[in-house]
There are 2 protein chains.
Amino acid sequence: MAADSSRMDPDTAAPDTAAGPGRLRSDARHNRARILEAAREAFAARGLDVPMAAIARRAGVGVATLYRRFPTRESLVTEVFADQLADCVGVVDEALADPDPWRGFRTVIEKVCAMQVADRGLTAAFLTEFPGAVEFERERMCAERGFATLTRRAQEAGHLRADFARTDLTLVMKANEGVVAESSEAAAAASRRLVAYFLQAFRSDHTTSAPDLPPPAPIGLYHFDPLTEGR
Amino acid sequence: MAADSSRMDPDTAAPDTAAGPGRLRSDARHNRARILEAAREAFAARGLDVPMAAIARRAGVGVATLYRRFPTRESLVTEVFADQLADCVGVVDEALADPDPWRGFRTVIEKVCAMQVADRGLTAAFLTEFPGAVEFERERMCAERGFATLTRRAQEAGHLRADFARTDLTLVMKANEGVVAESSEAAAAASRRLVAYFLQAFRSDHTTSAPDLPPPAPIGLYHFDPLTEGR
DNA sequence: CCGCAAACGGAGGCCACCGTCCATTTATGG
DNA sequence: CCATAAATGGACGGTGGCCTCCGTTTGCGG
C-alpha cells in the first residue's frame, strides 16, 4: 500500500528503518518531524500504547498523515527510539572508556534505569523484538555486546560476582520497569533504591563497605484499575 | 465443569465484602460460586483486565448475572482475592512462627514472589487500594504488620540490613511484577533469580557465604505490542 | 502563473468492551 | 401443583481505538 512511486533512488542509500525522509515534499518532511516529536513526547509520557489519534492530534496533523508516514505503530516506535537507543550505546561506550571496571558497570545500570524513569516507553521499546527494524536490532546488539565486555571486565577485576549473567541486565530492566510503571514522583526515588539494592547484590568484593542506600520512597499503591484510568 | 455443590454450609453469615451470598436462591448461589471460580482462573491467567464478558462466558452465565452479583469489577476483584490475601497472611503467620528470623523473612519474600508468578492478577490486587473493601484492607494491613515484625526481628538478629524499610516489600513486589509480567516458562526462573539477588542485597551478615544463585533464565524479549496481543 | 501529483484531514466502517434493560425461565413456599 | 418473585441471558446503545477511503488543498517544476 501507499507505494508512492518516488521510492528507491539508488543514491539515497540506507532506506533503513522506515523509508527515511528521502524525497519528501517540504511540508511532508516538516510534518514528519512534528509527528516524530509528538510521538516521542507521547511515548515518554504514557508508554507505547498511546492512541495513534492522540499522537496525530499532538502533532497537529490528521490521522491519515500519521498512517501514511508510519504505516504501523511499530515503524513509528522504532524510528522514535532509534536515537534513544543510540544514547544507550553512548552510555555503554562511555562506560567502556572508564578505567575503573566496576564504576563503568555500575554507571550503565544506573543510567539505563534513570532513562527508564524519564521515558515510560523506553523499556518496552528496548525489550521488544522488532523483526523488521534491522538497524534498530543491530544497534541494540551492539549495546549488548558492549555491556558484555563491561561485565567481563568487572568480573575479571573481582568486583562483579562471577555468576552475573548477561541476561541479568534484562532482569534489572524489567524489574525497574515494574517499579516505575505507575509513574509518579516517588517512582524515581524507588527506582534509585532498587538500583542500589541490585548493585549491592551484584558486587563481589565486600572488602570495602557498601555505599548508603537512597532513602526509601513511600511507593504508592495503585489506584483501582490502573488500566482504565489512563488516557 | 460440573459445579459440585459440595462447598459451604449456607448459615455461615459473614456478608462481609460485597453483600455475601446471604439469602440467595439456590441456583443464584451456585452461579455466584461459578463466577468466582471463573474469575479467579481468568485473573490468574491474564491479569485483572480480562473482559467481564469473558469471565461470564467462562462461568457459563450471562453478563447480566455477573453484573447483578458484582456490580463493579472492583467488587469482583476484592471478593476473588480475599482468600489469596488470606493465604498471604498465612504465609506471614507461618514465618512468624519460625524460630529463625532470617529464614522467616526470606521465606515470606520467596513465597510471595512465587505466588505472583502463579497468579497474574495477584500483584495488581495486592498493590491496589480498594477504598470500599474494608475487610480486604484490614487483612492487608494485618499482613503488613506481621511482615514488619518479621523485618524487625531479622534486623535485631543482625541478619537483615538495618536500613531495610517496610516499603521495600512493595518495591520487591513491583520489581517482581515487572519481571513476571510477560508470563512464560522463563518468567518463573527469572523471578527466582531476582529474589535471590534481592536476598543477597538484603542480608547483612556476610560471615556465612551466600547461597548459589538460581540459573539465569534467557528472559525473552517482548513480542511487539504486548497490549493488543492479549485476550 | 499554472497544472498536477503529492500531501492532507477527517469522516466512516469495524471491532472490542462496557453496563443496562427487558422478556422469559425457574426455584420455592403455600 | 401453582403463583410469583427471583434470577437469568442476550440484545442493545454508547464509547474508544484502529485504519482506510476520498474529496480537497498545496508545494513545486515548468
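These values consider heavy atoms only, across backbone and side chains, with no hydrogens, waters or symmetry-generated copies. Throughout, a chain's letter reflects where its sequence line sits, starting with A, and its residues are numbered from 1. Keep in mind that this is a model prediction, so the values were computed, not measured.
- Note: NE2 (A:His30) to P (C:dC8) measures 11 Å, nearest angstrom.
- A distance of 7.5 Å separates CZ of B:Phe126 from CD of B:Gln84, quoted to the nearest 0.5 Å.
- Rounded to whole Å, the distance from CZ on A:Phe70 to P on D:dC18 is 16 Å.
- Remark: P of C:dG19 and CD of B:Glu74 are 12 Å apart, rounded to the nearest angstrom.
- Spacing between atom CZ of B:Arg29 and atom P of C:dT26 amounts to 19 Å, rounded to whole angstrom units.
- Toward the 5' end of DNA chain D, the nearer of the two residues A:Ala64 and A:Met52, judged by each one's closest nucleotide, is A:Met52.
- Comparing B:Tyr67 and B:Ser26 by the nucleotide of DNA chain C whose heavy atom lies nearest to each, the residue mapping closer to the 5' end is B:Tyr67.
- Between the A:Thr151 side chain and the A:Phe147 main chain, a donor and an acceptor come within less than 3.5 Å of each other.
- Summary of the strand contacts: B:Asp27 and B:Ala53 both lie near DNA chain C, and taking for each the nucleotide with the nearest heavy atom, the more 5' one is attributed to B:Ala53.
- A sub-4.0 Å separation between OP1 or OP2 of D:dG9 and a side-chain N or O of B:Thr65 is present.
- At least one side-chain nitrogen or oxygen of A:Asn31 sits closer than 4.0 Å to the OP1 or OP2 atom of C:dC8.
- In this structure, B:Arg25 does not reach the C:dT26 phosphate: none of its side-chain N or O atoms is under 4.0 Å from OP1 or OP2.
- Whole-Å rounding puts the A:Asp49 CG to D:dG16 P distance at 16 Å.
- At whole-Å resolution of the value, CZ in B:Arg32 and P in D:dA6 are 18 Å apart.
- Regarding contacts with the backbone of D:dA6, every side-chain N or O of B:Arg23 stays at 4.0 angstrom or more from both OP1 and OP2.
- Regarding contacts with the backbone of C:dC18, a side-chain N or O of B:Arg73 is found under 4.0 angstrom from either OP1 or OP2.
- As judged by a 4.0 angstrom heavy-atom cut-off over every strand, A:Val63 is placed among the base-contacting residues.
- Side-chain contact between A:Glu74 and A:Thr78 is present, with at least one heavy-atom pair separated by less than 4.5 Å.
- Residues B:Phe70 and B:Val77 fail the side-chain proximity criterion, which asks for heavy atoms closer than 4.5 Å.
- Taking the six-membered ring for Trp and thresholds of 30 and 60 degrees, B:Phe164 and A:Tyr197 have ring planes inclined between 30 and 60 degrees apart.
- Atom P of nucleotide C:dT26 and atom CG of B:Leu24 are separated by 18 Å, given to the nearest angstrom.
- We find that CG of B:Leu66 is positioned 15 Å from P of D:dA7, with the value rounded to whole Å.
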